[in-house]
K.L.:
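Below is one structure. I have some questions about it.
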Protein chains: 2
Amino acid sequence: MKTRDRIIQASLQLFNEHGERSTTTNHIAAHLGMSPGNLYYHFRNKEDIILSIFQQYEQHLESAFQPYHDEALNIELLIKYFDAVFYALWQFRFVYTNLADILSRDEQLKARYLKVQTRLQDHVCKLLTQLCNDGFLKIESAHIPALADTVKMIVSFWISYQLTQTTMKSITKSAIYDGVLRLLMLFRAYATETSFETINRIEQHYLSLSQSN
Amino acid sequence: MKTRDRIIQASLQLFNEHGERSTTTNHIAAHLGMSPGNLYYHFRNKEDIILSIFQQYEQHLESAFQPYHDEALNIELLIKYFDAVFYALWQFRFVYTNLADILSRDEQLKARYLKVQTRLQDHVCKLLTQLCNDGFLKIESAHIPALADTVKMIVSFWISYQLTQTTMKSITKSAIYDGVLRLLMLFRAYATETSFETINRIEQHYLSLSQSN
């Protein structure tokens, strides 16, 4: 792996495990057994590293929630989307823990974040419309944008909410699977007669993951 | 008004308008035309003032979301609850803007917050159960705790979400009415055949408030 990528990977790990605020570039260099000078050869500062992690985060959001094409709607396809929600929350959990803080420190990052969120909103709307057309959900089309936004909101603040509602200091995989289950419950409210059974099966899948993590 | 109460009121106003982080006890004293020494006669420090505001916040949450007794369920009763959501969000908006930050700074406050949230969760569960018993909503009883928690979550992070999703620096009344409308949309997903009409009327009420604010 290239040094640059090793730095990004180690930073993401340390930010997730110890919090972004309490992790310095010195910690990152020490963790990799490299001199701070070597780290600064690749990145100007911590914000610069965060920007690179953010690019990975953007790429994930951009690719994972695309509407489906030339595919039949089935349980595997649905689980792929819910798994992508889990991946975003777990892999980039430091972002969700300090979202407001990180965005308020960097106007350029905030502008990029807003752009990604607008595209994501568009993708989620298209996905919900497909799920309605395929008979999986029943939502008045006028309500789709607000539902897509509610989904985005629940995902974006699930971790923050868990951390304010419990004494736990950092999020667990299990608590994130619970967030996926909560999203499923929201979809259940818009289920059709034919989709209940599929929703139950997906629920069982994440329930067992939540309990074993 | 007692000096102590004037200090609390002015602090709440300044925290809401300029943010809690950028408001110091000196700002508060200056705003009231009082010496810092006089302010310190009433409060040890800013955290002490926050604690007093928090008591008002607790009292509101405790009283406003009690299940109803000896009252017929009607539109006025429902609007009273949604107005109480608006009041909490607007009157204590600085709390919702920096919730994680405020709680992380004070373990005693966090412990009190958790206690209030547990009681609130209990009240919202009872309210949802009443609304089901009165034929207004249709929710499987096993899902009521998770729905109550989702309602709490949407309310708790509505302001934070709005601030991350737009370029606005502080929340508006209109954006908070939009949050009330979003909650209503969630309830609509659990509406019964007889409650749609009432939900539409409540929606019109908050839609006009959102547009005129």
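Chain naming here is simple, since letters A, B, ... match the order of the sequence lines and numbering starts at 1 in each.
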K.L.:
Under 6.0 Å from the CD atom of B:Glu71, do we count more than 12 heavy atoms belonging to anything else shown?
P.N.:
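Counting other residues, nucleotides and ligands, CD of B:Glu71 exceeds 12 neighbours.
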
K.L.:
Nearest 0.5 Å, what's the NE2-CZ distance between A:His143 and B:Arg182?
P.N.:
10.5 Å

K.L.:
Where along residues 50-60 of chain A does a heavy atom come under 4.5 Å of chain B, listed by residue number?
P.N.:
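Within residues 50-60 of chain A, near chain B: nothing under 4.5 Å.
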
K.L.:
Check step by step if side-chain contact (heavy atoms from CB on, under 4.5 Å) holds for A:Asp101 and B:Asp101.
P.N.:
CA-CA 10 Å; A:Asp101 188 45; B:Asp101 188 44; over 6 Å; no

K.L.:
Got more than 12 heavy atoms from elsewhere within 6.0 Å of CZ, A:Arg201?
P.N.:
no

K.L.:
Could you tell me whether A:Gln9 atom CD has more than 12 heavy atoms of other residues or ligands within 6.0 Å of it?
P.N.:
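Atom CD in A:Gln9 is not packed in, count stays at 12 or less.
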
K.L.:
Looking at chain A, which one of B:Leu186, B:Leu114, B:Thr97, B:Leu181 has the largest number of heavy-atom pairs inside 4.5 Å, strictly under?
P.N.:
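If we count pairs closer than 4.5 Å to chain A, B:Leu114 comes out on top.
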
K.L.:
So which residues of residues 146-167 of chain A are in contact with chain B at a heavy-atom cut-off of under 4.5 Å?
P.N.:
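Listed by number: A:Ala146, A:Leu147, A:Asp149, A:Thr150, A:Lys152, A:Met153, A:Ile154, A:Ser156, A:Phe157, A:Trp158, A:Ser160, A:Tyr161, A:Leu163, A:Thr164, A:Gln165, A:Thr166, A:Thr167.
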
K.L.:
How about CZ on B:Arg105, more than 12 heavy atoms from neighbouring residues, nucleotides or ligands closer than 6.0 Å, or not?
P.N.:
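Check passes, neighbour count above 12.
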
